[in-house]
Amino acid sequence: MAIESLRLVLRHEGDWTQGTESFPDLSIHSLGYVLNMNGKNVEYMQFSDRKGNLKDIAKSCKGDVRIQVVRKTSGGAGEMILVGDYRESLRRVMNELGVIALGLTVRSGVEIYLAAFDSTSVSRREVIDALTDFCDIVEISRVVERRPLCLTEDEERVLKIAINNGFFDTPRKITLTEISQITRASKSTVNYRLKSAIRKVIGERDRLMGDY
C-alpha cells in the first residue's frame, strides 16, 4: 500500500457550494461526515460568516439539500449540519474509487479537498478522469510525495477486509466476529490489528494535513 495525496480545487456546477461564490466573507470547513445514510450524505461543518450570508445560502439550496445551523458563536461563526443526496456528491465519486477525503474547505464557489488514495489500487489519472466527468477541476495545486504506509501484512489484510465488506458503513455490514472467521484469528486479535491500522492511517492524515 502506497499513499498518494492530491490537493484538489473543484467547482461542482449546480451544487449548493457554488452559491458561496458571491460571499467572500463566508468560509466553511468539514468536521466530519457519514456517507450514504439511507441515500443521504450527512456532513457536520464549521462556518465563519461575519455578514450572515449563510442564511442566503441556505435559502438558495435546491432539491434535497438542507442546511441546519446547530450552534452559533460570536463573530458570525458556528456549526451546521448539511444533508444532501449521496448520488450527487463529490464524496460519492471519491468513495467509489477508494479515495479518502481527508479535508474539505468550501469558499468562493469551490470545494477544496485534500484527497488520499492507495496508488497501488487506483491511479492518479483514474481519480482525475472520474472527477472530470462530475465537476470542473479548477486546480491541482499540490501533489504530496508518495511514501509507503507502514502497515504490517496482517493489519493491511484486516483493514482491506473491513473496508471492502462494509465494516465502516452505517449500518455495519460485517462484524468483528465475521472478520475473525475470515482471517482465522481471534476477535481480540482482529480488533487490535484493525485499531492499529486505523491509528497509522490517522497519523498519516495528520502528517498530510500539517503540510496542507
Side-chain angles (χ1 to χ4, degrees), residues 1-8 10 29-46 81-82 86 89-105 111-131 140 142-212:
M1 183 180 291
I3 296 297
E4 182 169 355
S5 187
L6 300 176
R7 183 177 182 272
L8 302 166
L10 309 175
H29 307 278
S30 176
L31 301 177
Y33 60 90
V34 177
L35 287 179
N36 201 13
M37 179 184 288
N38 298 321
K40 304 293 183 184
N41 274 2
V42 180
E43 190 132 15
Y44 193 61
M45 310 186 88
Q46 184 179 59
I81 293 175
L82 183 137
Y86 174 70
S89 68
L90 288 173
R91 288 200 187 276
R92 175 191 63 79
V93 179
M94 295 185 192
N95 186 51
E96 291 178 354
L97 283 171
V99 176
I100 302 172
L102 299 175
L104 166 62
T105 296
E111 302 176 39
I112 305 168
Y113 287 92
L114 180 62
F117 55 95
D118 177 8
S119 59
T120 65
S121 298
V122 61
S123 70
R124 185 189 312 170
R125 174 48 54 191
E126 288 175 304
V127 173
I128 292 171
D129 287 347
L131 289 171
I140 303 178
R142 188 170 188 179
V143 178
V144 179
E145 183 180 357
R146 287 181 288 183
R147 76 175 194 183
L149 183 60
C150 298
L151 301 181
T152 68
E153 184 177 339
D154 289 331
E155 288 169 349
E156 182 172 342
R157 185 183 181 209
V158 166
L159 183 59
K160 284 185 174 180
I161 290 171
I163 292 172
N164 293 336
N165 292 278
F167 181 80
F168 300 105
D169 290 357
T170 305
R172 188 166 286 173
K173 295 177 182 176
I174 190 172
T175 65
L176 282 175
T177 299
E178 290 170 323
I179 296 175
S180 71
Q181 292 170 350
I182 294 171
T183 58
R184 296 186 178 181
S186 69
K187 183 177 176 181
S188 60
T189 298
V190 168
N191 188 44
Y192 174 82
R193 289 171 179 169
L194 187 58
K195 286 183 176 179
S196 179
I198 292 170
R199 278 195 300 268
K200 290 178 181 179
V201 171
I202 290 174
E204 178 69 4
R205 179 203 65 182
D206 291 343
R207 184 188 74 84
L208 294 174
M209 290 301 284
D211 292 340
Y212 178 80

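Quick note: residue numbers are just sequence positions, from 1.
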query = Counting only heavy atoms not in Tyr192, do more than 12 fall under 6.0 Å of its OH?
reply = no
key: Interatomic spacing from OG in Ser180 to CZ in Arg193 - rounded to 0.5 Å   = 11.0 Å
query = Which atom pair, heavy atoms only, marks the closest approach of Phe117 to Val99?
reply = CB-CG2, 3.8 Å
key: Within-4.5 Å side-chain heavy-atom neighbours: Glu156 and Leu159   = no
ask   = Which of these passes side-chain contact (heavy atoms from CB on, under 4.5 Å) with Phe168: Ile198, Ile174, Leu35?
value = Ile198
query = Considering all heavy atoms of both residues, which atom of Asn41 and which atom of Ser89 are nearest to each other, and what is their separation?
reply = ND2-OG, 2.9 Å
task = Calculate, to the nearest 0.5 Å, the distance between atoms CD and NZ belonging to Gln181 and Lys187 respectively.
result = 10.5 Å
inquiry  = Within this structure, what is the CG-CG distance for the pair Asp154 and Leu194, rounded to the nearest 0.5 Å?
reply    = 12.5 Å
task = Would you name the heavy atoms of Lys173 and Asn165 that are closest together and state the gap between them?
result = CB-O, 3.4 Å
Asn164 side chain vs Lys160 backbone, donor-acceptor pair below 3.5 Å = yes
query = Say you draw a straight line from CG of Asn191 to OG1 of Thr177; how long is it, rounded to the nearest 0.5 Å?
reply = 10.5 Å
message = Is there a side-chain contact between Glu153 and Arg157 in this structure, where contact means two heavy atoms from C-beta onward sitting under 4.5 Å apart?
response = no
message = Ring of Phe167, cation from Arg172 - is the NZ or CZ under 6.0 Å from the centre and inside 45° of the axis?
response = yes
Identified side-chain contact (heavy atoms from CB on, under 4.5 Å) counterpart of Val158 within the set Ile182, Val190, Thr152 = Val190
Point-to-point distance, once rounded to the nearest 0.5 Å, from CZ of Arg91 to CE of Met94 = 7.5 Å
query = Between Val127 and Leu131, does a side-chain contact (heavy atoms from CB on, under 4.5 Å) hold up when you go through it step by step?
reply = CA-CA 6 Å; Val127 173; Leu131 289 171; 4.0 Å; yes
Heavy-atom pair of closest approach, residues Ala101 and Tyr113 = CB-CD2, 3.7 Å
